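To start, the structure itself, in C-alpha cells.
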Protein chains: 2
Amino acid sequence: MTARRIERPAADIAQDKANAKSGGATINDIARLAGVSKKTVSRVINRSPLVQVQTRERVEALIREVGYVPDPMARGLAFRKSFLIGMVYDNPNAQYIVNMQGGALESLRGSGFELVVHPCDSKSDDYIAGVRHFVVQQRLHGVILVPRVSEDSALVDMLNEVGVRYARIAAVSLDQPRRMIATNDRLGAIEAANYLESLGHRRIGLITGPQRYLSARERGGGFIAALAKRGIELAPEYVIEGGYTFESGVAGAERLLALPERPTAIFALNDEMAAGVYKAAHRLGLSLPEQLSIVGFDDSPLATRLWPSLTSVRLPIWDMGLHAAAMLLSPEESPREGPLIAPHLVVRESCSSPGRV
Amino acid sequence: MTARRIERPAADIAQDKANAKSGGATINDIARLAGVSKKTVSRVINRSPLVQVQTRERVEALIREVGYVPDPMARGLAFRKSFLIGMVYDNPNAQYIVNMQGGALESLRGSGFELVVHPCDSKSDDYIAGVRHFVVQQRLHGVILVPRVSEDSALVDMLNEVGVRYARIAAVSLDQPRRMIATNDRLGAIEAANYLESLGHRRIGLITGPQRYLSARERGGGFIAALAKRGIELAPEYVIEGGYTFESGVAGAERLLALPERPTAIFALNDEMAAGVYKAAHRLGLSLPEQLSIVGFDDSPLATRLWPSLTSVRLPIWDMGLHAAAMLLSPEESPREGPLIAPHLVVRESCSSPGRV
DNA sequence: CTGAAAGCGCTTACAG
DNA sequence: CTGAAAGCGCTTACAG
C-alpha cells in the first residue's frame, strides 16, 4: 500500500469487491480497487516488465481475490488476434485425432487459449478456401496442421499469405524447425524391420500406404532399407501398395498369402491394414502367430483388441499435439525448435519365429 | 440506388472497394460504400426486418462483392456473448467423439459459429469448476453435453446458474425437451433381444455397463424386459456387471463361459466389451459364431475389424451432434423439440442359431 | 425505416 | 514506472 493512494472508506472497498466477484469483474474494477489506471492493470495482465514490483503484486493479489479473468473477446479485438488455436485435419483415424486434441489442450490449459477444431476434406478442391475463411474470420492465433493436410504446400502457402502462424506435423521436416514437428516415422519402421529379422524372418511381406503420403514413403522406405542393411532384399511381389484402409489390408494380405512362397511375416504400415491381414489369415485358417507374424503401425486401440494382440509401432501422438500447441504459444521471436519425437515398437503377441509350427 | 445518396466519383468508389477487398473490410467500409449508416449494415447482418428491401439488397450485394465478414470478436464483445459452441465430454470412445464433433460442425457450417472442445475428467471433483471457467471466460453461446457428463445434474445446475445454454445428450430425456437429445438406447437393446430370441437362443448371457451410467441401465433394462416379454428369464448368474472396458468384457465372458450351462449367446452393452468376449471365446477355442453368438452396442469401427465381424447396435451419433448444435443455434424463444433418435441393429456375422454345430 | 452517440472491455501510441 | 486519450469493430438505447 503506498501512501499516495487515495484512501477510501473500507466499507466502500468491500462493497466494490463483492460486486466485482459476483458478476464478472472488468479491468476497470480491478484498476479502481487497486487505485491504479487500467493501463497498469493491462500491463500486469500482459506481463510487461514496466511495472513496479510492489504495484504488480498488489494488482495480482486483487485479480486472484476477485477472480478476475480478462475477456478474450475484448483482448482479441484490441490485439486484432483471437485467443484461439485451430486444429486442421483430414485424418480418418479417430483415436489419432482425439489424442492430438488432448495433447494440444494440455498445452493450452491455463493459458486462456482454447482449441477450435476444423476437420476438412483435402480431396475437395475448395478445402483451402474453407480453411482460409476459418483462420481469417476467427483471426486465429495459430493453427496445428495434422497429416495429411500438413503435407500440402498449397495450404501452407495460403497461411503464409494471410499471415497466420502454424505448426506442421509430418513424418519428416518440411519447413523451418520452429514450425515443424517431425515425427520420424522411418525410425519406427526400422525398428519393426530389425525385430522381424531378429526373430529369424527372411521372407517378409510389406503392405504400404498410398505413395502420395509422406508417412507411407518414410515408413516403407525405412523398412526396406533396414532389411537390406541386414541382407534381406524384398522382391517386388512382396511389396504391395495399400490404401491405409482395412479393406486394402485384406486385399493386400490375400495377394501376399497366395504367393507360391508365402511370407512368414507381414508388416502393414498402419493398424487398419494390419487388422485386414488378420482377417485374411483367419479366412485361410492360418494360426497366428505360428504361421504368420504381423506387425502394424499406429498402436491404435485395435492393437489390443485383436487376437492375438498386435505388435505395432507407437507414435507419441499426445506429445506431438502438446508440442505443436506449445510452439504456437511461444513468442514469435523466440524460435522454438521442434522437439525430438521418436516412435517405438510395442511388442505384443502377433509375432513369433518362423517355422515354429 | 436512391437519389438521396451522395454521389461520389466512380473511380473513388472503385478504389474503396479494392481496398476493402484486399484487407479485411469492416462495417464502416460497407456503410460508406453503400451510402448508409453502419447501424443499417448492422441491421442487415443481424437480419433485422426493419430495413427497406431495396436497402437490404444493395447492402447484401456489396457484402458479397467485397467478401466482408463481420468480426466475431467485435460482435461478441458488443453482444456479451461469443460465437463459440463448446463440447464437453468425458467419453473415452474416440470414434464417438469425432463423429459427434463432425455432426455438430455440420450444423455450424456457414453460421459463423465455431466448435471449441473441452474433454474433462468427471471423476475429478473440480471438473465442474473447470467447465465453469471455460464457459464463463469464453462467454460461450452454448454447450453440448455428451454422456456421461450430460447425466450430471450438478454440472447442469452450474450451467443454469451462470446462464449458459446447453443441449444434453442422454439415453432418456432428463430435462426440458428443448434442451434434450434423447437417444433411446433402450430400443436398440430390445432389437438385439428380439434378434437373438428369433435365432432360437434361450440361454443368453448379458454383460452390462456400470450401473451409474444411464445408458447401461437403459440398455440392460430394455434387453432383459424384451426377453422376458418373449418368455425368457435371465437367471442372475447370466447377468454380469462390466465396466464398459475391454478387460471387463474378457472377465465377464470368462465367467459366463465357465457356467455349467454355457450361454449360447452373449450381449455386451458396448463393442469394447464385445471385443473382450471374442478374446475369451478364442482362448477357449470356441468357434464363432457356431458355438457362441455375440452382439455388441455402438457399432464402432471395431465391429467390422473383428473376425467374424460383429453384429452391433448403431446409434446415429453424427445426427445427435448435428441436432444438438442446431438446438443451440435456434433462437431461445422458439423452443425446438429434440428430434427422435432411433438406434438400430446392424447385422453382421457374429450370430447364428444355437446348436448349429 | 434510418442514424448519431455511447459503450462493450480491452490495447496501442503517445506523453510525462 | 504510470496514465489519459483514442481506437479495435461491432451493438444497444435512444431519437427522429
Side-chain angles (χ1 to χ4, degrees), chain A residues 2 4-6 19-20 23-60 63 66-84 112 136-139 141, chain B residues 2-6 19-20 23-59 63 66-84 112 136-139 141:
Chain A
T2 68
R4 274 180 304 190
R5 281 201 306 143
I6 298 156
N19 290 341
T26 72
I27 197 172
N28 288 310
D29 299 325
I30 301 298
R32 187 162 27 73
L33 253 22
V36 298
S37 75
K38 64 186 194 183
K39 179 60 221 177
T40 296
V41 178
S42 172
R43 287 199 178 90
V44 171
I45 294 169
N46 292 296
R47 309 192 183 297
S48 155
L50 303 176
V51 184
Q52 248 187 140
V53 180
Q54 225 182 34
T55 313
R56 165 183 310 285
E57 281 169 356
R58 184 152 42 83
V59 172
E60 278 173 346
I63 287 176
V66 172
Y68 164 68
V69 188
D71 183 324
M73 291 186 292
R75 292 228 288 163
L77 180 59
F79 273 136
R80 286 162 198 76
K81 198 179 230 180
S82 76
F83 288 83
L84 260 21
V136 170
Q137 171 171 20
Q138 300 297 325
R139 297 192 190 238
H141 182 268
Chain B
T2 68
R4 272 181 304 186
R5 280 201 304 142
I6 298 157
N19 291 341
T26 73
I27 197 172
N28 287 310
D29 298 325
I30 302 297
R32 185 161 28 74
L33 253 23
V36 299
S37 76
K38 63 187 194 182
K39 177 62 221 176
T40 297
V41 179
S42 173
R43 288 200 177 88
V44 172
I45 294 170
N46 292 297
R47 309 194 182 296
S48 157
L50 303 176
V51 183
Q52 251 188 137
V53 180
Q54 227 183 31
T55 313
R56 165 184 309 284
E57 282 170 356
R58 186 153 41 82
V59 172
I63 285 176
V66 172
Y68 164 67
V69 187
D71 182 324
M73 291 187 291
R75 292 229 288 164
L77 179 60
F79 274 135
R80 289 164 198 71
K81 197 180 234 182
S82 77
F83 288 84
L84 261 18
V136 170
Q137 171 171 22
Q138 300 297 324
R139 297 190 190 242
H141 181 269

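A quick note: this is a predicted structure, and the numbers were derived from the prediction, not measured. Every chain is numbered from 1, with letters handed out A, B, ... down the list of sequences.
- Between atom OG1 of residue A:T55 and atom CG of residue A:L50 there is a gap of 12.0 Å, rounded to the nearest 0.5 Å.
- When the C1' atom of C:dT11 is taken as reference, atom CD1 of A:I45 falls 10 Å away, rounded to whole Å.
- Qualifying side-chain hydrogen bond (donor to acceptor under 3.5 Å, both in side chains) partners for A:R139, counting only residues two or more places apart in sequence or in other chains: B:D71.
- Residues passing the side-chain hydrogen bond (donor to acceptor under 3.5 Å, both in side chains) test with A:R56, sequence neighbours excluded: none.
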Every protein N/O within reach of nucleotides 3-6 of chain D N/O, cut-off under 3.5 Å:
| unit_1 | atom_1 | unit_2 | atom_2 | d |
| --- | --- | --- | --- | --- |
| D:dG3 | OP2 | A:S37 | N | 3.0 |
| D:dG3 | OP2 | A:S37 | OG | 3.0 |
| D:dG3 | OP2 | A:T40 | OG1 | 2.6 |
| D:dG3 | N7 | A:R43 | NH1 | 3.3 |
| D:dG3 | O6 | A:R43 | NH2 | 2.6 |

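- The side chain of B:T26 approaches D:dC10 more closely than any other nucleotide in the set C:dT11, D:dC10, C:dT2.
- Two residues are said to be in side-chain contact when any heavy atoms from C-beta on lie closer than 4.5 Å; A:I27 and A:I45 meet this criterion.
- The stretch residues 72-83 of chain B touches DNA chain C through B:L77, B:A78, B:R80, each having a heavy atom under 4.0 angstrom from the strand.
- Shown here are the ring pair (Phe, Tyr, Trp, His ring centres under 6.0 Å) partners of B:F83, two or more places apart in sequence or in another chain: B:F113.
- Contact between the side-chain N/O atoms of B:T55 and the OP1/OP2 oxygens of C:dT2 is found at a separation under 4.0 Å.
- Put simply, CZ on B:R32 is 14 Å from C1' on D:dG9, counting in whole angstrom units.
- Here the side chains of A:Y68 and A:V59 are not in contact, with every heavy-atom distance at 4.5 Å or above.
- The distance between atom CD1 of A:I27 and atom P of C:dG7, rounded to the nearest whole Å, is 18 Å.
- For the pair A:D29/A:V66, no side-chain contact is recorded, criterion being any heavy-atom separation below 4.5 Å from C-beta on.
- Within 4.0 Å (heavy atoms only), A:N28 reaches no atom of the nucleic acid at all.
- Contact annotation: B:S42 does not reach the phosphate of D:dC10 (side-chain N/O to OP1 or OP2, under 4.0 Å).
- Contact annotation: the side chain of A:V53 approaches that of A:E57 to within less than 4.5 Å [non-hydrogen atoms, C-beta and beyond].
- Of all the heavy atoms in A:A31 and A:S37, the pair that sits closest is CB-C, 3.8 Å.
- C:dG7 atom C1' lies 14 Å from atom CG of A:D71, rounded to whole Å.
- Evaluation of the salt bridge (Lys or Arg N to Asp or Glu O under 4.0 Å) test over residues 34-55 of chain A, restricted to residues two or more places apart or in two chains, returns none.
- Between B:Q137 and A:P70 the shortest heavy-atom distance is NE2-O, 4.1 Å.
- A:R139 has its CZ atom 14 Å from the C1' atom of C:dT11, to the nearest Å.
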Give the dot-bracket line for DNA chain D from 5' end to 3' end: parentheses for intra-strand Watson-Crick or G-U pairs under 3.5 Å, square brackets for crossings, | for inter-strand pairing, dots for unpaired.
|||.||||||||.|||
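- Atom CD1 of B:I30 is separated from atom C1' of D:dC10 by 13 Å (rounded to the nearest Å).
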